[in-house]
Amino acid sequence: MATNFIRDIIDAELAAGKHDAIVTRFPPEPNGYLHIGHCKAIFTNYTIAQDYGGRFHLRFDDTNPSKEDMSYVEAIVKDLSWLGVEWGDNLFFASDYYRQLYEWAVYLIEQGKAYVDDLSPEAVKSYRGTLTRPGRNSPYRDRSIEENLTLFQGMKNGDFPDGSKVLRAKIDMAHPNLNMRDPTIYRILHHHHYRTGDEWCIYPMYDFAHGQGDAIEGVTHSLCSLEFENHRPLYDWYIENLPVPSKPRQIEFSRLNLTYTVMSKRKLLRLVQEGHVSGWDDPRMPTLSGFRRRGYTPEAIREFARRVGVTKQNQVVDIALLEFCLRQDLEAKAARRMAVLDPIKVTITNFPADTVEWYQGPNLPGDESMGFRKVPLTRQIYIERDDFMVDPPPKFFRLAPGREVRLRYACYITATDYKVDRDGNVVEILAQFDPASRGGSTPDRRKVKGTIHFVSATENVPFQVRLYQSLFNQEDPDSDGDFIDNLNPHSLKVVNAFGEPRLAEARVGDVFQFERKGYYCVDPDTTPTNPVFNQTVSLRDSWKRRQGRQLRIRN
RNA sequence: AGCCCGAUGGUGUAAUUGGCAACACAGAUGGUUUUGGUCCAUCCAUUCUAGGUUCGAGUCCUAGUCGGGCUGCCA
């Protein structure tokens with residue numbers, strides 16, 4: 001089983017008899033869509049609960065009604081369900097605790113540990129001090145408990161306008177940790193809440209809601225990302241100073257970043273709003289809905305989350321690792337089909353017209369239990385344009401004048417001639433097949449170095465294919481200037497392709513391996529007359545890599 | 001500048017807690033192959049620096065260096 005520093009801590013606590021059970025949680029704010037970075041948080045919390053035989057809670061951290069709504073809750077639930085994460089009855093909302101939180105705020109006032117402050121937001125800011133200078137006490141800091149109680153009650157009753165007052169914890173305005181300089185507990189916000197309606201016009205801050213929510217639910221380990229590290233003293237302060245039913249422990253780990261990707265909600269939102277992508281579920285987006293539409297599998301994402309590990313080091317993972325996990329998963333389960341994405345016609349001159357010969361290919365090579373499909377061969381076929389070269393370089397094993405190759409599952413053909421247009425582009429290839437090679441081998445057992453895929457020019461299914469490259473052309477899109485300037489103008493390319501007949505049965509969401517090309521899935525934009533496939537991920541291509549290297553050497 | 005955190009191949013993680021720096025991805029080379037895929041083999045490190053403790057240090061101590069976070073009535 002994978003281990004990490006958090007599990008080491010839990011092991012030690014368990015050995016010391018500190019817990020009866022382990023309880024973790026994933027606490028999304030319903031104000032945006034889940035992305036691949038969240039998966040790390042989701043699975044570290046989820047797998048720890050699973051592996052230790054504990055509970056996993058899903059809690060929506062909805063303490064800011066001005067940004068949150070139900071559509072996000074639904075989208076997040078859908079994404080988590082797709083990932084295979086299960087929380088059973090343990091679905092909670094921070095808004096479920098508003099009443100309890102309010103009572104605890106009153107308790108702090110009664111203890112002389114909280115006060116109502118009339119300072120304006122600007123004044124609060126100037127009183128806070130700076131990174132290097134201590135802050136000053138608010139002139140309202142020493143109001144009597146009675147006055148604070150009355151004022152806070154008034155805040156709750158709607159007696160005061162937004163921003164006119166806040167409730168603050170009375171801690172230490174000179175504390176070196178800014179979060180401890182009398183942090184805000186409640187602010188006035190006359191805003192409709194998607195769950196509590198207009199019941200409240202004051203809402204608790206994150207810091208006042210999170211740890212207490214954990215304590216109410218009996219969460220033992222509140223695992224979150226590094227930027228909350230400086231909040232831990234405050235998290236602990238509330239837990240220590242409130243009569244909470246349990247004492248959760250917050251442990252922080254680093255966020256996941258990916259090369260060639262931006263991961264903040266704000267930046268993803270900008271990509272959508274400025275129209276650089278078609279929406280949150282654009283297949284180029286690192287959102288879960290984007291990956292789902294792209295054809296990624298939950299298994300691949302889960303494996304990826306397992307492999308990246310959990311530490312406190314700033315983490316930038318090579319996107320190639322995600323693609324590796326995907327290929328590994330799809331290699332074992334995607335049915336094989338043939339499709340030609342950049343077609344050039346081949347006429348097999350010694351093959352009769354108006355005849356169709358049917359060959360057979362396995363759905364999954366090496367696993368006959370997955371069955372076979374029939375593949376038609378006709379006099380005219382399409383092959384990939386880059387599978388033919390008039391003047392091939394060394395080590396080119398595909399079709400060329402006088403060269404023989406195998407048409408996958410079918411037979412051997414030898415190029416005898418080709419036709420060019422006025423510009424010298426090859427427009428058609430003429431070839432002859434060896435009747436003795438039917439099935440893909442010959443009695444004389446002669447070797448052919450290359451096997452290429454093909455699609456009948458008459459027995460096929462035409463469709464649109466959307467080819468993708470990374471959205472950004474910089475490994476770190478934020479490295480120089482505005483990340484928008486590093487958008488890859490070639491991230492989407494649409495082509496018209498031809499596929500083998502069985503592809504007519506493909507349904508939205510199905511993923512296939514187009515042999516020798518990559519994995520492709522059926523996009524929701526598909527209509528009965530216009531099938532659309534997304535390139536999920538290409539196959540590794542050592543030939544292309546080799547060519548790229550040759551090009552680099554020449555230039 | 002004050003506080004907090006981090007530092008092991010190109011990348012991400014390990015290292016039986018003081019005992020031969022391991023695994024994966026990426027990259028390179030070769031083999032197998034009816035997918036130039038898969039699979040298999042081989043190669044790829046002064047553990048940030050300098051001192052110190054020790055028979056022995058990635059691990060402990062001291063001093064630096066570099067990187068990240070924090071001045072919302074966001075989460």
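Chain naming here is simple, since letters A, B, ... match the order of the sequence lines and numbering starts at 1 in each.
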Assigned chi class of B/U17 under the 90° convention is syn

Pick base, sugar-phosphate or nothing for A/Phe5, based on heavy-atom distances below 4.0 Å to the nucleic acid. nothing

Ignoring hydrogens and geometry, is there a side-chain-to-backbone donor-acceptor pair from A/Arg373 to A/Pro362 under 3.5 Å? yes

Heavy-atom protein contacts under 4.0 Å, nucleotides 43-49 of chain B, coded B base, S sugar-phosphate only, - none: -------

Could you work out the separation of B/A15 and B/A21 based on their P atoms and round it to a whole Å? 16 Å

Quick one: is B/G36 close enough that its OP1 or OP2 comes under 4.0 Å of any side-chain N or O from A/Gln547? no

Think A/Gln313 has a side-chain N or O under 4.0 angstrom from the OP1 or OP2 of B/A7? yes

Side-chain contact, heavy-atom cut-off 4.5 Å: A/Glu68 with A/Asn64? yes

Provide the distance between the two P atoms, one in B/C44 and one in B/G6, to the nearest whole Å. 32 Å

Any cation-pi pair here, A/Arg136 with A/Tyr127, using under 6.0 Å and within 45°? yes

Rounded to whole angstrom units, what separation is found between the CG atom of A/Asn314 and the P atom of B/C66? 17 Å

Glycosidic conformation of B/G72, taking syn as within 90° of 0 and anti otherwise: syn

Round to the nearest Å and state the distance from A/Leu321 atom CG to B/G27 atom C1'. 15 Å

Tell me whether the side-chain N/O atoms of A/Arg398 come closer than 4.0 Å to OP1 or OP2 in B/U35. no

If the P atom of B/G31 is compared with that of B/G10, how far apart are they to the nearest Å? 29 Å

Nearest-angstrom distance, P atom, B/G18 to B/A57: 14 Å

Can a donor-acceptor pair be found between the side chains of A/His193 and A/Tyr98 at a distance below 3.5 Å? yes

Would one find a side-chain N or O of A/Arg545 under 4.0 angstrom from OP1 or OP2 of B/G27? yes

Mind checking A/Tyr203 for me? I need base, sugar-phosphate or nothing, with any heavy atom below 4.0 Å counting as a touch. nothing

Where protein sits on nucleotides 69-75 of chain B, one letter per nucleotide: B base, S sugar-phosphate only, - none, heavy atoms under 4.0 Å: BBBSBSB

Could you pull out the closest heavy-atom pair between A/Leu178 and A/Thr130, with the gap in Å? CD1-O, 4.1 Å

Centre-to-centre under 6.0 Å for A/Tyr206 and A/His210, is that the case here? yes

If you draw a 6.0 Å radius around CZ in A/Arg446, do more than 12 non-hydrogen atoms from other residues or ligands fall strictly inside? yes

Tell me if the NZ atom of A/Lys125 is crowded by more than 12 foreign heavy atoms within 6.0 Å. no

Please answer whether the main-chain N or O of A/Asp117 pairs with a side-chain N or O of A/Ser138 as donor and acceptor at a distance below 3.5 Å. no

Is there a side-chain contact between A/Gln513 and the phosphate of B/G37, meaning an N or O under 4.0 Å from OP1 or OP2? no

What's A/Phe397 touching, base or sugar-phosphate or nothing? Going by heavy atoms closer than 4.0 Å. base

Check every strand shown and say whether A/Gln315 touches a base, only sugar-phosphate, or nothing at a heavy-atom separation below 4.0 Å. sugar-phosphate

Pick the P atom in B/C40 and in B/C4, then give their distance to the nearest Å. 49 Å

Under 4.0 Å from OP1 or OP2 of B/C25: is there any side-chain N or O of A/Arg307 that close? no

B/U13, OP1 or OP2 - any side-chain N/O from A/Thr311 closer than 4.0 Å? yes

